[in-house]
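Shown next, in structure tokens, is the structure this report addresses.
Values below: every heavy atom of this structure, side chains too, minus hydrogens, waters and symmetry copies.
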Amino acid sequence: MEFMHLSDLHLGKRMGELSLLEDQRHILMQILAILDQQRPDALVVAGDVYNKSAPSVEAVTLLDWFLVELARRDLPIFIVSGNHDSPERLAFAARLMRKNRIYISPVYNGFVQPTTLEDEYGPLDVFLLPFLKPAHLRRLFPDQKIESYTDALACAVRQMKLDPGRRSLLAAHQFVTGSQRCESEEFSVGGADNVDAAVFNAFDYVALGHLHMPQTLQGGKLRYCGSPLKYSFSEADRDKSVTIVELGPKGTPPALQTFPLTPLREMIRLRGSYLEVTDRQFYQDLPRDAFVWVTLTDEQSVPQAMAKLRTIYPNILQLSYDNSRFRRPTRGLPSAKVENRSPMELFEQFFQQQNNRNLSQQQKDYLQKLMEEVWEEEQ
């Protein structure tokens, strides 16, 4: 069984004030061409189809076009909602779409009914799990101890009717512990949204979405295919691709292939003095329509630099300086990675730096209670 694994389309996303709809349609057309060339047996989209829970009319129109094109290929399509999607909006008319073999995860009600595909190695059960938070599971299973994302996902998996003798595939949209983030993803301080990879041990393949950098875990059983477009300058030097996965007999590891995608507009970081980056020899070979971040090394700020640079780089999105003034030492939190520290540890460090004394135990207890109340409201 071969299937294409996609995620994080983020239809409707903008870069600054610039719409990416044309760029997204361009990349979707490449994806359709790869489908036609490779002819996989199915397609899985692992969440964040839209960039907003209330997508624009243009984004909805683009998805409608893409789904119509997919339906013409006559292969089963599996879609789950991500943290940027509204499960209710994405699942609209899902029962009608099933007639065209387009399967969209419904709003989670505590149970996931698999769709079964068949090939020469027997049945393959496909489970669709939308993005979940602990609060979702606590409401549905009040008798279960659910204190973390790992607890929540473990509870959700326990409700699935998994047959250990049959192959199973899960499409999900979560952050698995040990994965690498980039700047275009939502950030959770202290790794509060981490899910232990062991939760998914029972599945033969887990098609993950949420992280924009392609990466695998557990020897390829868990895979983030990455976003098809670059959505932050932290990805400027990375290539984008789609993943096609082959599942053989039960017990054999999945075989992965990637196929490159070429963006309509590149993303470029430039560095130099104002005179250097405005010199024709510097920019004449660069694509004029690229998204650009310019870092100027001039010691003095250049008046109206952004407006002047835009005449050369019409899609400039960011301008920064790197000089002795901006490199002065500043007070801040210790250099240890912020994402590895709990919210309480971060606040204690901040309080100590601002007040030159530590939090009292009474203050710690009050702060912990306040954090738990705020976190619960956000869940």
Side-chain angles (χ1 to χ4, degrees), residues 5-11 13-31 34 46 48 51 84 175-176 178-187 208-217 220 223-244 256-274 276-298 305-306 309-310 312-323 326-327 335 337-339:
H5 175 189
L6 294 176
S7 75
D8 297 274
L9 304 180
H10 288 281
L11 300 182
K13 186 175 176 64
R14 304 177 72 86
M15 293 287 288
E17 297 301 314
L18 301 175
S19 170
L20 294 181
L21 284 169
E22 186 181 1
D23 304 73
Q24 291 172 332
R25 185 182 180 92
H26 174 82
I27 219 72
L28 292 179
M29 290 177 68
Q30 287 187 49
I31 290 169
I34 295 170
D48 279 357
N51 192 55
H84 281 258
F175 176 60
V176 176
S179 307
Q180 292 183 292
R181 298 179 187 265
C182 63
E183 291 177 3
S184 56
E185 298 141 12
E186 291 188 357
F187 177 74
L208 290 166
H210 195 33
L211 301 187
H212 295 180
M213 185 191 310
Q215 51 197 295
T216 57
L217 300 93
R223 168 81 174 168
Y224 287 101
C225 61
S227 59
L229 279 174
K230 302 172 187 179
Y231 288 129
S232 76
F233 282 99
S234 65
E235 303 176 86
D237 296 327
R238 295 196 176 106
D239 295 326
K240 289 297 182 176
S241 63
V242 295
T243 299
I244 290 186
L256 307 177
Q257 295 184 75
T258 58
F259 296 84
L261 296 171
T262 303
L264 180 65
R265 292 180 281 188
E266 270 295 348
M267 189 171 284
I268 301 173
R269 296 186 67 164
L270 303 177
R271 176 186 174 86
S273 68
Y274 178 76
E276 288 172 333
V277 300
T278 56
D279 185 271
R280 186 175 182 83
Q281 295 297 319
F282 183 92
Y283 66 79
Q284 64 179 354
D285 295 327
L286 297 176
R288 181 169 170 76
D289 60 352
F291 298 114
V292 176
W293 178 359
V294 175
T295 299
L296 295 179
T297 57
D298 303 83
M306 184 67 108
L309 288 169
R310 187 164 281 120
I312 300 172
Y313 308 106
N315 290 335
I316 184 172
L317 298 177
Q318 288 183 246
L319 171 64
S320 59
Y321 283 87
D322 184 10
N323 54 35
F326 283 87
R327 287 194 297 269
S335 59
K337 285 188 176 181
V338 172
E339 60 264 37

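- Residues passing the side chain to side chain contact (heavy atoms under 4.5 Å, CB included) test with D298, sequence neighbours excluded: S273, Y274, L296, V302.
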Could you go through T295 and Y321, starting from their C-alpha distance and side-chain angles, then the distance that decides it, and tell me whether this counts as side chain to side chain contact (heavy atoms under 4.5 Å, CB included)?
CA-CA 5 Å; T295 299; Y321 283 87; over 6 Å; no
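- Heavy-atom contacts from other residues, nucleotides or ligands closer than 6.0 Å to CD of E22 number 12 or fewer.
- Using modelled atom types and a 3.5 Å distance limit, the side chains of R223 and T243 yield a donor-acceptor pair.
- The shortest distance between side-chain heavy atoms of V292 and L317 does not fall below 4.5 Å.
- In this structure, CG on L20 lies 9.0 Å from CG on N51, to the nearest 0.5 angstrom.
- Remark: the Q30 side chain and the H26 side chain contain an N/O donor-acceptor pair separated by less than 3.5 Å.
- In terms of heavy atoms, P228 sits closest to S7 at CD-O, 3.4 Å.
- The minimum heavy-atom distance between Q24 and L11, with the atom names listed, is OE1-CA, 3.4 Å.
- Interatomic distance, W293 CH2 to R269 CZ, rounded to the nearest 0.5 Å: 4.0 Å.
- Using a 4.5 Å cut-off on side-chain heavy atoms (C-beta onward), V242 and T258 make no contact.
- Atom-to-atom distance recorded for D239:CG and T262:OG1 is 8.5 Å, nearest 0.5 angstrom.
- One finds the CG atom of L286 at 11.5 Å from the CZ atom of R288 (value rounded to the nearest 0.5 Å).
- For the pair C225 and P214, the minimum side-chain heavy-atom distance is 4.5 Å or more.
- By the 4.5 Å heavy-atom criterion applied to side chains, L21 and D23 are not counted as neighbours.
- Using a 4.5 Å cut-off on side-chain heavy atoms (C-beta onward), V176 and Y224 make contact.
- Side-chain atoms of L264 and L229, non-hydrogen and from C-beta on, never get closer than 4.5 Å to each other.
- Using a 4.0 Å cut-off between a side-chain N of Lys or Arg and a carboxylate O of Asp or Glu, D289 and R265 do not qualify as a salt bridge.
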query: Yes or no on side chain to side chain contact (heavy atoms under 4.5 Å, CB included) for F291 and I316, after CA distance, side-chain angles and deciding distance?
result: CA-CA 6 Å; F291 298 114; I316 184 172; over 6 Å; no
Verdict with supporting geometry, E235 and S227, side chain to side chain contact (heavy atoms under 4.5 Å, CB included): CA-CA 10 Å; E235 303 176 86; S227 59; 3.8 Å; yes
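- Of all heavy-atom pairs between F233 and I268, the closest is CE2-O, 3.5 Å.
- Remark: L211 CG to D48 CG distance equals 10.0 Å, nearest 0.5 Å.
- Looking at I31 and L261, their side chains come closer than 4.5 Å, going by heavy atoms from C-beta outward.
- Residues V277 and Y313 meet the side-chain proximity criterion, which asks for heavy atoms closer than 4.5 Å.
- The only member of H10, K240, R238 that meets side-chain hydrogen bond (donor to acceptor under 3.5 Å, both in side chains) when paired with H212 is H10.
- Within a 6.0 Å radius of CE in M306, more than 12 heavy atoms belonging to other residues, nucleotides or ligands are found.
- Taking CE of M15 as the start and OG of S232 as the end, the distance is 7.0 Å to the nearest 0.5 Å.
- Salt bridge annotation for K230-E266: present, with a cationic side-chain nitrogen under 4.0 angstrom from a carboxylate oxygen.
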**Asked** Given T297 and R271, is the side chain to side chain contact (heavy atoms under 4.5 Å, CB included) satisfied, shown in steps?
**Response** CA-CA 7 Å; T297 57; R271 176 186 174 86; 3.9 Å; yes
